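Values below: all heavy atoms of this structure, side chains included; hydrogens, waters and symmetry mates excluded. It should be emphasised that the depicted structure is a prediction, and the values quoted were computed from it without experimental measurement.
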Amino acid sequence: GQRLGRALDETERVTVLFNPTDRALRLYHTLFPQERPRTLGELGLAPDSAGAAGRKLKMINVAGQVGRAHQEPNYLRSGDLAREIRGLLP
């Protein structure tokens with residue numbers, strides 16, 4: 001039904017890094033006070049919300065590794081997380 005509703009059908013896998021403690025992501029909704037949207041990066045996505053294609057989803061909560069700051073170096077300094085990200089690259 002939604003515009004990107006079948007996107008997972010066309011992929012091998014999708015990895016989403018999310019951080020519910022990220023200050024920038026938590027304030028995003030203030031840019032659109034009428035709609036108050038939440039971000040995928042803050043909340044993640046429940047694999048069961050994607051139906052059968054949910055098996056292609058890997059959700060990683062990175063709050064423990066990167067903290068509250070919205071900064072790329074925090075992601076790369078974490079050894080486990082950096083390895084995970086490198087493993088996604090061709």
### Task
Examine distances only and state if a side-chain atom of Asn19 and a backbone atom of Gly67 form a donor-acceptor pair shorter than 3.5 Å.
yes

#### Entry: salt bridge (charged side-chain N to carboxylate O under 4.0 Å, His left out) partners of residues 18-28, not counting sequence neighbours, each pair once
none

#### Entry: Within residues 74-90 or reaching into it, pairs that qualify as salt bridge (charged side-chain N to carboxylate O under 4.0 Å, His left out) - sequence neighbours excluded
Lys58-Glu84, Asp80-Arg83

### Query
If two hydrophobic side chains count as joined below 4.5 Å and joins carry through other members, does Met59 share a cluster with Val14?
yes

### Query
Does any non-hydrogen side-chain atom of Leu17 lie less than 4.5 Å from one of Ile85?
yes

### Task
Report yes if the side chains of Tyr75 and Val62 come closer than 4.5 Å at any heavy-atom pair, otherwise no.
yes

### Query
Shortest non-hydrogen contact from Thr11 to Lys56?
O-NZ, 2.8 Å

### Message
So, using side-chain contact (heavy atoms from CB on, under 4.5 Å) as the criterion, who are the partners of Leu88 when residues are at least two apart?
### Response
Arg13, Thr15

